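Have a look at the structure below before the remarks.
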Protein chains: 2
Amino acid sequence: METISTEKSFGGVQGVYRHVSAVNGCEMTFAVYMPPQADDGPVPVLWYLSGLTCTHANVMEKGEYRRVAAELGIAIVCPDTSPRGDHVPDDESWQFGSGAGFYVDATEAPYDVNYRMYSYIRDELPDLVAAEFSVDMNRQSIFGHSMGGHGAMMMALRNPDRFKSCSAFAPITNPMTADLSRDAFARYLGADQASWREYDSVALAEDGHTFPEMLIDQGDADSFLDAALRPWLFAAACQSGSGSGNGTDLTLRMQPGYGHSYFFISTFMEDHLRWHAARL
Amino acid sequence: METISTEKSFGGVQGVYRHVSAVNGCEMTFAVYMPPQADDGPVPVLWYLSGLTCTHANVMEKGEYRRVAAELGIAIVCPDTSPRGDHVPDDESWQFGSGAGFYVDATEAPYDVNYRMYSYIRDELPDLVAAEFSVDMNRQSIFGHSMGGHGAMMMALRNPDRFKSCSAFAPITNPMTADLSRDAFARYLGADQASWREYDSVALAEDGHTFPEMLIDQGDADSFLDAALRPWLFAAACQSGSGSGNGTDLTLRMQPGYGHSYFFISTFMEDHLRWHAARL
């Protein structure tokens, strides 16, 4: 692992790091904020998965998480959203390829060589973070925004023992049917939609996957709400799935007047950090 | 004035606007955050002047001012740092021309036509803000970073009745002698250094200008500290100038481990906003 930069901020250290990912077959960059409490021993880890077009840097610059993370003593890890590099197959669309990994393990050529973000986020990067930073991997939670909200919810539903808590800002709750993501699922995962269900929170809930509690904040002035995000589909699936009556306890908050950007995310960042801290 | 964008954030509205500046002879873009209290009547105004290479956007995205501004009920106005446009004379250096207006009124051709940031910040933009927003122009304060810290201090020293308070993050306190700015002063203002003194906080203090109080935060790991910023020169000038004994009451805080970036600024943003709110 190579250190690209470190900057003191709110008493802790915001770092940016690079490593060779065997899973993705390329160099990957990620950001870690270590709170001052890490000087005294391992701290819990909160994963933030970013949305379409983002790198590790967007939330690091605009998310306003450091003040509260420093108060609560939580490390914040912000991965990139896809493999990158001259040898990595890409596409001109902002909804596919670089910046649009959708946190799936692609099965279709030529994407199956590099686009393995599910395994990268679930296994490879946590192993690296555990080895390199003063963190307590028995205390992990996960959240994210939009495509990364999808990633966080899907990760939590499939790995409920790994994460103490899960939340999302404006997540794509049903990516296999959403305008924004359906084509990407087809190109990464092939024509058989049965395999898509493992990466779709609504389908996972319908198929009986549950997580104890989730928090979703969603702006009602979000231009992607009706065509892509549709949190009400996940709310319904939590009620109607085979986990019904014992399903995910979802707190869905519609936030009047808010959009899809970091101006929205930063407004509710503190609430989410305190939600996770109470459960970590 | 044209609205480029508005986004709800922390209960208020973060807007970006464009207008034709007669003073600068070009279109100028600026950002205004209006806190929720503005719905009930005019709110005080805090001006933030940005540093070299910045536009209005850097502090808007990375400065983390909205949470506390919304709590305190203060409008935050973030101007651009120079005139811009195909017809505006520029230079390849990041220390001169676009992004490097230094808040002076240039007297040397060809820069004297457009580079009139002192008059723009002092007169033209305040007139526009007063006309377009629900603000109380009898309650104005000013702060800034680096080149913009220089701008804020110089503006306050020359217009002590205009501003209720002044603070700076890592300001260039003596730009007429600093490596980062000396050449720009020569090209904007000509060879006669007598005219430079009106734009230099150390010279202004030496020449008897005072402001009741100032707060400066300065990281001691800031790579520009010794060659460009040197807050100790301003501290000394406050003591030794003709205003001696009745000079500016300076609070200079050296912050261990902090650098020159927004990771530093955002850490101390809340302190500065509360400093201004107590005086507005």
Side-chain angles (χ1 to χ4, degrees), chain A residues 4-16 31-36 39 54 57-71 76 78 169-170 217-225 254-274, chain B residues 4-16 31-36 39 54 57-71 76 78 169-170 217-225 254-274:
Chain A
I4 297 176
S5 65
T6 58
E7 291 267 2
K8 187 171 179 181
S9 194
F10 289 95
V13 177
Q14 179 64 65
V16 179
V32 178
Y33 179 68
M34 291 300 289
D39 292 345
C54 289
N58 301 67
V59 70
M60 178 180 81
E61 295 176 347
K62 305 178 186 177
E64 305 195 14
Y65 58 72
R66 280 174 290 275
R67 178 182 61 89
V68 182
E71 176 197 326
I76 310 287
C78 306
F169 304 102
D217 272 309
Q218 172 64 58
D220 75 0
D222 185 324
S223 60
F224 295 109
L225 179 55
M254 296 302 294
Q255 300 290 359
Y258 284 91
H260 196 67
S261 72
Y262 281 94
F263 296 115
F264 156 66
I265 297 170
S266 59
T267 300
F268 299 101
M269 179 60 76
E270 177 168 358
D271 281 5
H272 284 241
L273 292 177
R274 293 192 189 284
Chain B
I4 298 176
S5 64
T6 58
E7 291 267 3
K8 188 169 179 182
S9 193
F10 289 96
V13 177
Q14 179 65 64
V16 179
V32 178
Y33 179 69
M34 292 300 290
D39 292 344
C54 290
N58 302 67
V59 70
M60 178 180 80
E61 295 176 347
K62 304 178 188 177
E64 305 195 14
Y65 57 72
R66 280 174 291 274
R67 178 181 61 89
V68 182
E71 176 198 326
I76 310 287
C78 305
F169 305 102
D217 273 309
Q218 173 63 59
D220 76 1
D222 186 325
S223 60
F224 295 108
L225 180 55
M254 297 301 293
Q255 300 290 0
Y258 285 90
H260 196 66
S261 73
Y262 281 94
F263 296 115
F264 156 66
I265 296 170
S266 58
T267 300
F268 298 101
M269 179 59 75
E270 178 168 358
D271 282 4
H272 284 241
L273 292 177
R274 294 192 189 284

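Values reported hereafter were calculated over all heavy atoms of this structure, with side chains retained and with hydrogens, waters and symmetry mates removed. Naming convention: chains lettered A, B, ... in sequence-line order (proteins, then strands); numbering from 1 in each chain. Given the structure is predicted, the values throughout are model-derived calculations rather than measurements.
Remark: B:E71 pairs with B:R274 by the salt bridge (charged side-chain N to carboxylate O under 4.0 Å, His left out) rule, at least two apart or across chains. Qualifying side chain to side chain donor-acceptor pair (under 3.5 Å) partners for B:Q14, counting only residues two or more places apart in sequence or in other chains: B:Y65, B:R66.
B:Y262 does not touch chain A: none of its heavy atoms, backbone or side chain, sits under 4.5 Å away. At a 4.5 Å heavy-atom cutoff, the contact between B:E270 and chain A is made by side-chain atoms alone.
Going from atom NZ of A:K8 over to atom CG of B:D220 covers 8.0 Å, rounded to the nearest 0.5 Å. Remark: B:E64 CD to A:M269 CE distance equals 9.5 Å, nearest 0.5 Å.
Counting all heavy atoms, side chain and backbone alike, B:S266 lies closest to A:F10 at O-CZ, 3.1 Å.
In this structure a side-chain-to-backbone donor-acceptor pair under 3.5 Å is missing from B:Y258 to A:E7.
With chain A as partner, the option from B:A70, B:S261, B:G259, B:A221 having the largest number of non-hydrogen pairs under 4.5 angstrom is B:S261. Ranked by heavy-atom pairs under 4.5 Å with chain A, the first of B:F264, B:F268, B:F263 is B:F263.
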